[in-house]
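Everything below concerns the one structure shown next.
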Amino acid sequence: MNREIEEKFINNFIVKDKRERIRFELSSAKKRETVIQRIYNLLDRKFAVLEDPKVSDEELKSVLKKYFNPNKECYIISESDDDGRVMPFKQAFENMIDFEVNYLIICDENTVLMSEEYTTFGSPNRIILHKNSKN
């Protein structure tokens, strides 16, 4: 796990009153998977540029391109084997779609994409958060 990247993510995109708890749980081998299951609900929605469970994969990528170069690498927080890895965005996006688990792609310190776990009731919630450097 890259604590520096995770720390920046927490400081930029987790609601303020939950940051310390998330920081602790992400660093705990026993609690990490449980906190990953809760992260979606703890994201700071004031930075949301898109949140829609019905958005197509292509539309999601199109909106993300406004904030992040998809040819770059990104850091993953996930309930899958990708957790803690750095990989090309294109591969991370494919894995997010294929694995159907809670999957957070940290594109850079200003932009993240997250998809919640699929449910039997429909498509997973997806969100793109972007924080301008001046925020």
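The figures here come from the full heavy-atom set of this structure, side chains too, leaving out hydrogens, waters and symmetry mates.
- With hydrogens and angles ignored, the 3.5 Å screen pairs a side-chain donor or acceptor of Arg45 with a backbone N or O of Leu43.
- Looking only at distances, no side-chain donor or acceptor of Asp82 sits under 3.5 Å from a matching main-chain atom of Ala92.
- Put simply, CG on Leu26 and OG1 on Thr34 are 11.0 Å apart, with the number rounded to the nearest 0.5 Å.
- Between Phe89 and Pro70, the shortest heavy-atom distance links the atoms CB-O, 3.4 Å.
- With Glu51 contributing its side chain and Ile127 its backbone, the two residues share no donor-acceptor pair below 3.5 Å.
- Remark: Ser78 OG to Met114 CE distance equals 8.5 Å, nearest 0.5 Å.
- Rounded to the nearest 0.5 Å, atoms CG (Asn11) and CZ (Arg23) are 5.0 Å apart.
- A 4.5 Å side-chain heavy-atom check between Glu109 and Tyr75 finds every atom pair outside the cut-off.
- Here the OG-CD distance, from Ser80 to Glu33, works out to 10.0 Å after rounding to the nearest 0.5 Å.
- Looking only at side-chain heavy atoms (C-beta outward), Ile76 and Ile105 come within less than 4.5 Å of each other.
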Which donor-acceptor pairs under 3.5 Å do the side chains of residues 58-69 make with protein atoms, sequence neighbours left out?
{"residue": "Asn69", "atom": "OD1", "partner": "Asn71", "partner atom": "N", "Å": "2.8"}
{"residue": "Asn69", "atom": "OD1", "partner": "Asn71", "partner atom": "ND2", "Å": "3.4"}

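- To the nearest 0.5 Å, the span separating CD on Glu79 from CZ on Phe99 amounts to 12.0 Å.
- Looking at Leu113 and Met96, their side chains come closer than 4.5 Å, going by heavy atoms from C-beta outward.
- Using a distance-only test at 3.5 Å, with no hydrogens or angles considered, a donor-acceptor pair links the side chain of Arg19 to the main chain of Ile14.
- Side chain of Asp44 to main chain of Val15: no donor-acceptor pair is present (N/O by atom type, distance under 3.5 Å, no hydrogens or angles).
- When hydrophobic clusters are built by joining Ile, Leu, Val, Met, Phe, Trp and Tyr residues whose side-chain heavy atoms come closer than 4.5 Å, directly or via intermediates, Val86 is grouped together with Ile106.
- Under a hydrophobic clustering in which Ile, Leu, Val, Met, Phe, Trp and Tyr are joined whenever their side-chain heavy atoms come within less than 4.5 Å, directly or via other members, Met1 and Ile39 fall into the same cluster.
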Review point. Run the salt bridge (Lys or Arg N to Asp or Glu O under 4.0 Å) check on Lys8 and Glu4 step by step: do they pass?
Key: CA-CA 6 Å; Lys8 287 178 183 176; Glu4 184 179 332; 3.6 Å; yes
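- Residues Lys131 and Phe47 share a closest heavy-atom pair of CG-CE2, 3.6 Å.
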Exercise for review: Could you walk me through whether Lys31 and Arg21 pass side-chain contact (heavy atoms from CB on, under 4.5 Å), step by step?
Suggested key: CA-CA 11 Å; Lys31 297 182 181 284; Arg21 187 72 192 164; 4.1 Å; yes
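- Using modelled atom types and a 3.5 Å distance limit, the side chains of Glu117 and Tyr40 yield no donor-acceptor pair.
- No side-chain heavy atom of Arg38 sits less than 4.5 Å from a side-chain heavy atom of Asn102.
- Heavy-atom neighbours of Asp81 CG from other residues, nucleotides or ligands within 6.0 Å: at or below the threshold of 12.
- No side-chain donor from either of Asn2 and Glu6 sits under 3.5 Å from a side-chain acceptor of the other.
- Counting heavy atoms from C-beta outward, Met87 and Glu94 have side chains that stay 4.5 Å or more apart.
- When atom types are taken as modelled, the side chain of Arg126 and the backbone of Pro53 share no donor-acceptor pair closer than 3.5 angstrom.
- Atoms CD1 and CD1, from Ile5 and Ile10 in turn, are 12.0 Å apart once rounded to the nearest 0.5 Å.
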